[in-house]
There are 2 protein chains.
Amino acid sequence: MSALSARAGSVEVRGGSQDSRDEILKAAMHLFASRGFHETSMSEVAREARVSKALIFWHFKTKEELFVAVLNRLLEPYFIDFSEEAGVLDERAQLRKLVEFYLLFVRDNASSVRFFIAQMLHDQHFAEGLNEQVLKLYSGYRNMLIELISRAQEKNLCSRQFTPAAAAGFLLSALNGILIEHLFVQNHPLDPESATAMVSGWLFGEDLKPADREGKAFA
Amino acid sequence: MSALSARAGSVEVRGGSQDSRDEILKAAMHLFASRGFHETSMSEVAREARVSKALIFWHFKTKEELFVAVLNRLLEPYFIDFSEEAGVLDERAQLRKLVEFYLLFVRDNASSVRFFIAQMLHDQHFAEGLNEQVLKLYSGYRNMLIELISRAQEKNLCSRQFTPAAAAGFLLSALNGILIEHLFVQNHPLDPESATAMVSGWLFGEDLKPADREGKAFA
DNA sequence: GTAATTATTGACCGAAGGGTTAGCGGCGAC
DNA sequence: GTCGCCGCTAACCCTTCGGTCAATAATTAC
């Protein structure tokens, strides 16, 4: 915020402490996210931020505090509000939009997603604070799905084979499965269109276009 | 193997070098799997194995070599052969069996599965050697699914809506999604029966029993 | 019995890690 | 001007880490 506005002058005229703090955070984000907590030393962060190690400890009491700050910063893009887009679309289109949004987000933030998953699986210590926030995001998304599916079922727009909660859960599992396949198998382009077609084919019982029957996203 | 048989006497009469090597491996397995590579020190391993640190370096040249040995040891349970069970069952039952097997395995080896996933996501260095083996397992499983689905489609036992490869891919994604949900949401019991019912409901277009419509595995 | 080989150890080493401290330049307040 | 605070640094401290080494038990070989 003020960190950026203060940098009006084109070159390295940084003055305020916010500026160095930001530089440190950026360097730490990069290093922590790509190497992990224990494999990143404060000296490395200092070097990458072109700042003395002591300054980092002036901004952040401990390495862990810096790490938590990085976690929160990396988490920001995950808090998105797309309620306004909903207005005109019917439930089926909204669901499709929601699924596509998930897949696009994962594709465009793969490295950050990978980092968070690895972090939560690996380190229960930090995970505790993290779990709360991630779970909030996750259940928010799930609730939107449930709500939409429920309304779609009322209007007979989709199969009533499952309860909305079960359908949403299964859908989420499929999405998560696509996610991890994408993270593991490199060169797996995660084609959101094909995957969305596949998933909504299941959900709405639609007949698929011949191209989608091959499920590029899963082959 | 001989490690155990040599310990016939009730108390600590271990002799051969294999015995101490095994003790070290067991300690290292435990520590690496629960804390990770970088967070585990050789001194800790030595203490847990009740052995001097120097002895570890006598058995294993470096920490990394020990870690690789641990990886291979932890990977052993994953190589299972269940071709003989197939014999009498029809394709539909075989598929159900295969799905259930996946889920049971994940449930019963959750900590090891968690460790491998975290490891592969986190550390590309070791992941390279690991990826090969894991990918072999994975594509082996996938090929069995494809083969079975293909035969099931020929016999009209299941929907022909998708190509076998696409159906297998989607199925695997669903399974992986269940897997990660199970790893993240603690107290999520991963009910294999319910999940299998759900999944085969999708695959075979079967009507579900009322209890399964609620999809306990996903709620 | 003794020589060689195999297991095992305590003590040690240099490097790197997280964190501290004393101090320095600059700048606003008075 | 000078006092005091803020931003910042070089040098230092202590601990831990991966790894080595010389010495010593314990086995085996002959």
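Just the heavy atoms: all of them, side chains too, but no hydrogens, waters or symmetry mates, feed the values below. Each chain gets a letter, A, B and so on, in the order its sequence line appears, and its residues count up from 1. This is a predicted model, so every value here is computed, not measured.
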>> Both B:Leu55 and A:Lys63 contact DNA chain C. Which one's nearest nucleotide lies toward the 5' end?
In response: B:Leu55
> A:Ala54 or A:Phe37: which one's nearest nucleotide on DNA chain C is closer to the 5' end?
Replying inline: A:Phe37
> What pairs with B:Phe184 under ring-ring contact (aromatic ring centres under 6.0 Å, His included), at least two apart in sequence or on another chain?
Replying inline: none
Atom [atom1] of [X] to atom [atom2] of [N]: distance rounded to whole Å?
X	N	atom1	atom2	value
A:Phe60	C:dG18	CZ	P	15 Å
B:Asp19	D:dA26	CG	C1'	15 Å
A:Leu66	C:dG17	CG	C1'	15 Å
A:Ile24	D:dG7	CD1	C1'	11 Å
A:Lys61	C:dT20	NZ	C1'	15 Å
A:Ile56	C:dT20	CD1	C1'	14 Å
A:His59	C:dG19	NE2	C1'	16 Å
B:Trp58	D:dA23	CH2	C1'	16 Å

>> Please give me every residue in residues 38-46 of chain A whose heavy atoms get under 4.0 Å of an atom in DNA chain D, ordered by residue number.
In response: none
> Heavy-atom count around B:Glu193 CD within 6.0 Å, excluding the residue itself: above 12?
Replying inline: no
> Between A:His122 and B:His122, what is the ring plane arrangement, given parallel below 30°, perpendicular above 60°, and tilted in between?
Replying inline: parallel
>> Between the side chains of B:Lys97 and B:Glu100, is the shortest nitrogen-to-carboxylate-oxygen separation below 4.0 Å, so that they form an ion pair?
In response: no
>> Salt bridge check, B:Lys136 against B:Glu132: does any charged N sit closer than 4.0 Å to a carboxylate O?
In response: no
>> Of the options D:dC8, D:dG19, C:dG10, whose atoms approach the side-chain atoms of A:Ser20 most closely?
In response: D:dC8
>> Of the options D:dG18, C:dG18, C:dT9, whose atoms approach the side-chain atoms of A:Phe57 most closely?
In response: C:dG18
>> Going by side chain to side chain donor-acceptor pair (under 3.5 Å), name the pairs with one or both residues in residues 104-120 of chain B, residues two or more places apart or in two chains.
In response: B:Tyr78-B:Ser112
> Would you say the side chains of A:Tyr102 and A:Asn176 form a donor-acceptor pair under 3.5 Å?
Replying inline: yes
>> For a quick check, tell me whether the side chain of A:Lys53 and the base of C:dG19 share a donor-acceptor pair closer than 3.5 Å.
In response: yes
